[in-house]
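Below: the structure, in structure tokens.
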Amino acid sequence: MQVLRTTSENNDFQNLVKKLDAYLTEIDGEDHAFYDQYNKIDLLKNCIVIFEDEKPVACGAIKAIDDNTMEVKRMFTLPDYRGKGFAGTVLKELEIWAKELGYEKVVLETGKKQTKAVALYKKCGYAIIPNYGQYAGIENSICFEKIL
């Protein structure tokens with residue numbers, strides 16, 4: 001397993017995100033347009049791509065939302081590689097990077113229908129918080145935070 005720190009200009013990251021968006025279109029159904037507007041990747045400076053045997057298999061990113069908080073974005077693992085620890089590695093690498101940059105906590109949002117993602121975040125020490133920002137009042141969203 002190789003870990004690459006990069007930006008959203010990286011082609012491997014972009015290709016994984018395209019697959020993520022296709023997956024989310026199916027999962028979110030008619031709610032996808034709402035979520036999609038908050039998931040643009042053109043300005044992400046802190047992206048992780050995980051490679052297995054030189055193949056990009058998982059990704060994630062962080063972006064600052066205030067002076068103390070980074071938001072985890074664009075978490076995805078190719079279906080054939082799920083359940084093998086790649087998502088947990090992406091999340092841990094993003095947390096390390098956020099801490100190196102001086103941030104004190106990370107937050108994230110996921111859909112309630114994404115039960116495996118919810119389980120991953122709980123397993124990795126994330127606590128459920130009230131929905132923040134654009135997710136406040138959104139029934140399908142569940143938000144988490146972790147103090148670094």
Side-chain angles (χ1 to χ4, degrees), residues 1-29 31-66 68-129 132-135 140-148:
M1 179 185 319
Q2 301 84 38
V3 178
L4 173 68
R5 287 184 177 186
T6 188
T7 69
S8 58
E9 294 178 358
N10 178 279
N11 286 333
D12 292 321
F13 179 78
Q14 291 176 5
N15 289 333
L16 285 167
V17 168
K18 285 178 188 171
K19 291 176 181 170
L20 167 62
D21 287 338
Y23 169 75
L24 291 176
T25 298
E26 291 178 27
I27 296 290
D28 294 336
D31 294 333
H32 183 70
F34 169 79
Y35 293 107
D36 192 49
Q37 67 183 322
Y38 300 112
N39 289 322
K40 305 301 179 208
I41 65 168
D42 53 342
L43 299 176
L44 295 176
K45 298 177 186 172
N46 306 98
C47 304
I48 296 283
V49 178
I50 301 285
F51 295 84
E52 181 73 359
D53 297 324
E54 299 184 22
K55 177 180 181 175
V57 299
C59 67
I62 48 176
K63 72 174 189 175
I65 60 172
D66 64 35
N68 297 316
T69 310
M70 290 287 253
E71 182 178 26
V72 175
K73 304 292 290 179
R74 313 314 310 188
M75 289 283 298
F76 181 70
T77 303
L78 291 174
D80 290 347
Y81 292 85
R82 293 181 186 160
K84 299 179 180 179
F86 292 106
T89 299
V90 170
L91 199 55
K92 186 66 178 167
E93 291 293 327
L94 292 171
E95 293 167 5
I96 290 168
W97 202 355
K99 193 169 185 176
E100 286 173 5
L101 293 169
Y103 291 87
E104 298 172 4
K105 70 178 176 178
V106 289
V107 297
L108 60 85
E109 178 276 342
T110 194
K112 289 181 179 177
K113 297 174 188 173
Q114 297 174 4
T115 56
K116 290 183 181 178
V118 170
L120 170 72
Y121 300 133
K122 288 180 178 178
K123 177 182 165 187
C124 291
Y126 283 73
I128 296 173
I129 59 171
Y132 60 87
Q134 65 268 24
Y135 307 112
N140 182 49
S141 290
I142 184 169
C143 294
F144 291 89
E145 84 173 2
K146 183 175 182 179
I147 306 303
L148 300 175

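Residue numbers run from 1 in the order of the sequence given.
Going from atom CG of Leu91 over to atom CZ of Phe86 covers 15.0 Å, rounded to the nearest 0.5 Å. Once rounded to the nearest 0.5 Å, the distance linking CD of Gln2 with CD1 of Ile50 reads 9.0 Å. Leu108 contributes atom CG, which lies 9.5 Å from atom NZ of Lys73 (distance to the nearest 0.5 angstrom).
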Pair Val118, Phe144 - check side-chain contact (heavy atoms from CB on, under 4.5 Å), show working. CA-CA 9 Å; Val118 170; Phe144 291 89; 3.9 Å; yes

Would Lys146 and Tyr121 count as a side-chain contact (heavy atoms from CB on, under 4.5 Å) here? Give the steps. CA-CA 9 Å; Lys146 183 175 182 179; Tyr121 300 133; over 6 Å; no

Please report the C-alpha distance between Leu4 and Phe13 in whole Å, then the side-chain angles of each, then the deciding distance to 0.1 Å, and finally whether the side-chain contact (heavy atoms from CB on, under 4.5 Å) criterion is met. CA-CA 10 Å; Leu4 173 68; Phe13 179 78; over 6 Å; no

Could you walk me through whether Arg5 and Ile48 pass side-chain contact (heavy atoms from CB on, under 4.5 Å), step by step? CA-CA 5 Å; Arg5 287 184 177 186; Ile48 296 283; 3.7 Å; yes

Distance-only check: which donor-acceptor pairs under 3.5 Å involve side-chain atoms of residues 76-85, not counting sequence neighbours?
| unit_1 | atom_1 | unit_2 | atom_2 | d |
| --- | --- | --- | --- | --- |
| Arg82 | NE | Thr77 | O | 2.8 |
| Arg82 | NH2 | Thr77 | O | 3.0 |
| Lys84 | NZ | Asp80 | O | 3.4 |

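For Val57 against Leu16, the heavy-atom pair with the smallest separation is C-CD2, 4.2 Å. For the residue pair Cys59 and Val17, the shortest heavy atom distance occurs at SG-CG2, 4.3 Å. For the pair Phe51 and Pro56, the tightest heavy-atom approach, listed with the atom from each and the gap, is CD2-N, 3.5 Å. Looking at every heavy atom in both residues, Ala87 comes nearest to Leu120 through CB-CD2, 3.7 Å. Minimum interatomic distance between Met75 and Leu94 (heavy atoms only, all atoms of both residues): SD-CD1, 4.0 Å. Contact detail for Ser8 and Gln14: the closest heavy-atom pair is O-NE2, 2.9 Å.
Taking Glu54 as the reference, nothing meets the side chain to side chain donor-acceptor pair (under 3.5 Å) condition, with sequence neighbours excluded. Taking Ala64 as the reference, Met70, Tyr103 meet the side chain to side chain contact (heavy atoms under 4.5 Å, CB included) condition, with sequence neighbours excluded. The ring-ring contact (aromatic ring centres under 6.0 Å, His included) check on Tyr132 picks up Tyr135, with sequence neighbours excluded. Under the rule for a side chain to side chain contact (heavy atoms under 4.5 Å, CB included), the partners of Leu148 that lie at least two apart in sequence or sit in another chain are Glu95, Ala98, Lys99, Val106. Residues meeting the side chain to side chain donor-acceptor pair (under 3.5 Å) test with Lys105, sequence neighbours left out: Glu145. Contacts of Thr69 classified as side chain to side chain donor-acceptor pair (under 3.5 Å), with partners at least two apart in sequence or in another chain: Asp66. Residues satisfying the side chain to side chain contact (heavy atoms under 4.5 Å, CB included) test with Lys112, not counting sequence neighbours, are Glu139, Asn140, Ile142. Qualifying side chain to side chain contact (heavy atoms under 4.5 Å, CB included) partners for Asp53, counting only residues two or more places apart in sequence or in other chains: none.
Using a 4.0 Å cut-off between charged nitrogen and carboxylate oxygen, Asp12 and Lys55 do not count as a salt-bridge pair.
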